[in-house]
Trainee: 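Can you keep this structure in mind? I'll have questions shortly.
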There are 2 protein chains.
Amino acid sequence: MTWQGLTDRELRAWRTSFHMLELLRARIEQQLQTSSGLSNADYTVLALLSEAPGGRIRVYELGRLANWEKSRMHHQLNRMSKRGLVTRERCGSRGMYAVITTEGRATLKQAVPGHVQEVRRLFVEPLTAEQLDQLTGIAATILDTLKADRPEA
Amino acid sequence: MTWQGLTDRELRAWRTSFHMLELLRARIEQQLQTSSGLSNADYTVLALLSEAPGGRIRVYELGRLANWEKSRMHHQLNRMSKRGLVTRERCGSRGMYAVITTEGRATLKQAVPGHVQEVRRLFVEPLTAEQLDQLTGIAATILDTLKADRPEA
DNA sequence: TAGTGTCAGTTGACACATCAACTCGAAGGC
DNA sequence: GCCTTCGAGTTGATGTGTCAACTGACACTA
């Protein structure tokens, strides 16, 4: 394998970061799943809806907020509505609302403390305050690059 | 939504970092997919096999190297062997080798430059050398925490 | 030698993500 | 009025990831 174009240091930075993300994501997801039966995707949708007035958001707006493709959101809402976590409501002639149900709110409420605790334990506490700020800066920089590179993202 | 247990700064660090890594991952994957028809998973397997003597690695060892569950590796190798990128060979009575094919090598060789270029463009170049080192340290710290928390990972 | 445990590998079910193609109503121009 | 375009939403196909249950060979031992 030749790695022209990346120094060892750069390659290591990439592989370590990528691997860390994979593991961290899996671990957070696992905790959510076993403690509440929610996936990361479920949690994201419920959190966004619960913060919105009336617990309802237009589906395309929800997709924009979560940065998801519309069909991803559609499939996700399908699965969640089968489980009673959300419902859909017509909005005018062509629009749809996604609405969090009572059961959705209850499930989220039950899931939040453990989730926050896990994020704190695995992500926040191992790092110094300085590292956390550095990381925020780094993430923001790369996000800017990504959005500049393909503005619609 | 109440976020007991996380300060605004910590929450922002978490959300920004998570979002950045998700987007970056998707973008790298997209580039690989459109330029070579490979997924990140395909690429990982091909890269590992191509670096091994004889282009072959025991399946369980491959899983260990990539940090994957055995069934994930199994399904992945199934899909890849259907496409002619790898084959399997018996190893003794109970073992299996995964072996990269000529076609797998060719596909990988063709994919590497664009992939490396994309990693450089989206991940390495936006950051200063100092930031890159900081990030490597941060990722390593979190990885250590994860592995200490559940040693088999 | 039967019983037990272990480990690599396999399988099937299900959830998640992405892509392309499609519907349908609205908006704008002619 | 008619046509085109567009955007929100829907659908199906395919690939990806996880879990639990199973197989089959080996090792250990009572």
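Naming convention: chains lettered A, B, ... in sequence-line order (proteins, then strands); numbering from 1 in each chain.
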Trainee: In whole angstroms, how far is the C1' atom of D:dC6 from the OH atom of A:Y60?
Mentor: 14 Å

Trainee: Examine distances only and state if a side-chain atom of A:S36 and a backbone atom of A:Q33 form a donor-acceptor pair shorter than 3.5 Å.
Mentor: no

Trainee: When the distance from CE of B:M80 to P of D:dG15 is rounded to whole Å, what number comes out?
Mentor: 13 Å

Trainee: Nearest whole angstrom, please: distance from the C1' of D:dA8 to the CD of A:E61.
Mentor: 13 Å

Trainee: Before accepting this row, confirm whether a basic side-chain N of the pair A:R25/B:E22 lies closer than 4.0 Å to the acidic partner's carboxylate O.
Mentor: yes

Trainee: Would you please confirm or rule out a distance under 4.0 Å between OP1 or OP2 of C:dG9 and any side-chain N or O of B:R88?
Mentor: no

Trainee: Quick one: side chain to side chain contact (heavy atoms under 4.5 Å, CB included) partners of B:T141, sequence neighbours excluded?
Mentor: A:P126, A:L127, A:Q131

Trainee: Kindly compute the distance separating CG (A:D42) from CZ (A:R83), expressed to the nearest 0.5 Å.
Mentor: 4.0 Å

Trainee: Is A:R58 near enough to D:dG9 that one of its side-chain N or O atoms lies under 4.0 angstrom from OP1 or OP2?
Mentor: yes

Trainee: Check nucleotides 16-20 of chain D against the protein and report each pair of N or O atoms closer than 3.5 Å, with its distance, or say if there are none.
Mentor:
from   : atom 1 : to    : atom 2 : distance (Å)
D:dT16 : OP1    : B:S39 : OG     : 2.8
D:dT16 : OP2    : B:R79 : NE     : 2.7
D:dG17 : OP1    : B:R72 : NH2    : 3.2
D:dT18 : OP2    : B:R72 : NH1    : 3.4
D:dT18 : O4     : B:H75 : NE2    : 3.3
D:dC19 : OP1    : A:Q30 : NE2    : 3.3
D:dC19 : N4     : B:S71 : OG     : 2.7

Trainee: Have a look at A:R90 and say if it touches a base, only the backbone sugar-phosphate, or nothing, with a 4.0 Å heavy-atom cut-off.
Mentor: nothing

Trainee: Whole Å only: how far is the CG atom of A:N78 from the P atom of D:dT10?
Mentor: 8 Å

Trainee: Might you point out which heavy atoms bring B:R90 and B:Y97 nearest each other, and give the distance in Å?
Mentor: O-CD1, 4.2 Å

Trainee: Please check the phosphate of D:dG9 (OP1 and OP2 only) for any side-chain N or O of A:H74 closer than 4.0 Å.
Mentor: no

Trainee: Take a 6.0 Å sphere around CZ of B:R9 and say whether it holds more than 12 heavy atoms from other residues, nucleotides or ligands.
Mentor: no

Trainee: Can you measure A:L77 atom CG to C:dC16 atom P for me and round it to whole angstrom units?
Mentor: 12 Å

Trainee: Return the value, rounded to whole Å, for the distance between atom CE of A:M96 and atom C1' of D:dT10.
Mentor: 10 Å

